[in-house]
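Written below as structure tokens is the structure these notes are about.
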Amino acid sequence: MSIQLENVNKAYGAHQVVREVSLHIETGELFVLLGASGSGKSTLLRLISGLLLPDSGRIYLNDRDVTTLAPQARGTGFVFQNYSLFRHMTVAENIEFGLSIRQVSRKERDQRTAELLDLIGLPGYGNRLPSQLSGGQQQRVALARALAYQPNVLLLDEPFGALDVKIRVQLRESLREIQRHLGVTTILVTHDQEEAFDIADRIGVIENGELLEVGTPSDLYQRPQRHFTATFLGTANLLQAHRNGKYVHLGDVHLPAPPNTEHLSGQPVHLLARPEEITLYPSRSAANGQVIGSGKVESINFAGAMTRAVVRLHEPAQTAVQVLVSPAEARTLGLTVGQELWVGLGAYHVLAKEEAV
């Protein structure tokens, strides 16, 4: 186990920033802490690095209690959003800085710097100053500097937040390749869901300092246990229903209850349906699979590769559902505002209503 947190708390005065966080991260894992601004994710990263000390709880790195140790004694590498490169130093001097203060020999420093410049795709850039590099290149150098002394744990705080979309995607791919190549246990903090889905082995969703839920990207998206997770990770249609026996009752419609939801039997629940799992049909006879009713198209919005529509069901209770359809489907349907359509449902999930938003 590379990283272990046990009931970690941090407050600033009366404001609790991190609340009873317990977490286990395996060796070699790329773990993403995902949350909105002010959720406590960056504070948690600084607690792990030693830049902050917890008010209570314990922090272990590689089975060693580092709760009260200084940052330099923890064996972690840290990459900040703003790069934090030394402007008066060359790229090579920046990368080898940590090695020089550890009194590593010149030969070994030069060798390690050359290896890292190759690894980050910047061979031959050692003599340049940070001001001569693009933002993406500077972030690569910051990553190389954090990896120079071969840390056991790599911590990245919104490392791509200041970059444009295309560069962010490229750097995400590079980071994943480098992390897998080195096998270094990594925690990345972000508010970007796409970024989290793209690179994480597992994701921890954090809100108001509380670690709400941890799981693989697919599990958290398709089968979340908390309403916040369901609505924070993509668009969620949450429909009021009732779980009873072998079925989920959505108005007069009876849907087969998903597996592993027996504990919700006899309870009011919310049925989670993602927009891409909803299909529109021009008539009841054309519909197949699970049909949940008919409704009127309330709005249509262009969303790049897909079209996003809102359909207000007649039953149950004038519920509005968001739907994603392809351009071809939209043309086939002749999709227009005010159109009457039937609504079918593919995959769905059930959550306890007690977690209601």
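For the single chain, residues carry numbers from 1 onward in sequence order. Computation of the quantities below employed the complete heavy-atom set of this structure, encompassing side-chain atoms and omitting hydrogens, waters and symmetry-equivalent molecules.
Here the side chains of L23 and F31 are in contact, with some heavy-atom distance below 4.5 Å.
With hydrogens and angles ignored, the 3.5 Å screen pairs no side-chain donor or acceptor of T113 with any backbone N or O of D110. Side-chain N or O atoms of K41 include one that pairs as donor or acceptor with a backbone N or O of G35 at under 3.5 Å. The closest donor-acceptor contact from the side chain of E277 to the backbone of R274 lies at 3.5 Å or more, if one exists at all. Of the possible polar contacts, one joining the T67 side chain to the I59 backbone as a donor-acceptor pair under 3.5 Å is found. Counting only distance, with no hydrogens or angles, the side chain of E207 and the backbone of F228 share no donor-acceptor pair below 3.5 Å. Not a single donor-acceptor pair under 3.5 Å links the side chain of R243 to the backbone N or O of Q267. Using a distance-only test at 3.5 Å, with no hydrogens or angles considered, a donor-acceptor pair links the side chain of Q179 to the main chain of G28. Looking only at distances, a side-chain donor or acceptor of Q193 sits under 3.5 Å from a matching main-chain atom of F232.
Using a cutoff of 4.0 Å between basic side-chain nitrogens and carboxylate oxygens, E108 and R102 are not scored as salt-bridged. Electrostatic pairing of R176 and D201 counts as a salt bridge here, judged by a charged N lying under 4.0 Å from a carboxylate O.
Dense packing is recorded around CZ of F197, with more than 12 heavy atoms of other residues, nucleotides or ligands lying under 6.0 Å away.
Both L85 and Y125 belong to a common hydrophobic cluster when Ile, Leu, Val, Met, Phe, Trp and Tyr are linked at side-chain heavy-atom distances under 4.5 angstrom.
Checking E340 against H314 by side-chain atom types alone, a donor-acceptor pair falls below 3.5 Å. Side-chain polar atoms of E158 and H191 form a donor-acceptor pair below 3.5 angstrom. With no hydrogens or angles considered, no side-chain donor-acceptor pair links T235 and Q322 at under 3.5 Å. Side-chain contact, R140 with Q137: no donor N or O sits under 3.5 Å from an acceptor N or O.
The only option from R58, E20, R19 that meets the side-chain hydrogen bond (donor to acceptor under 3.5 Å, both in side chains) definition with N7 turns out to be E20. A salt bridge (Lys or Arg N to Asp or Glu O under 4.0 Å) with E96 holds for exactly one of R145, R106, K107; it is R106.
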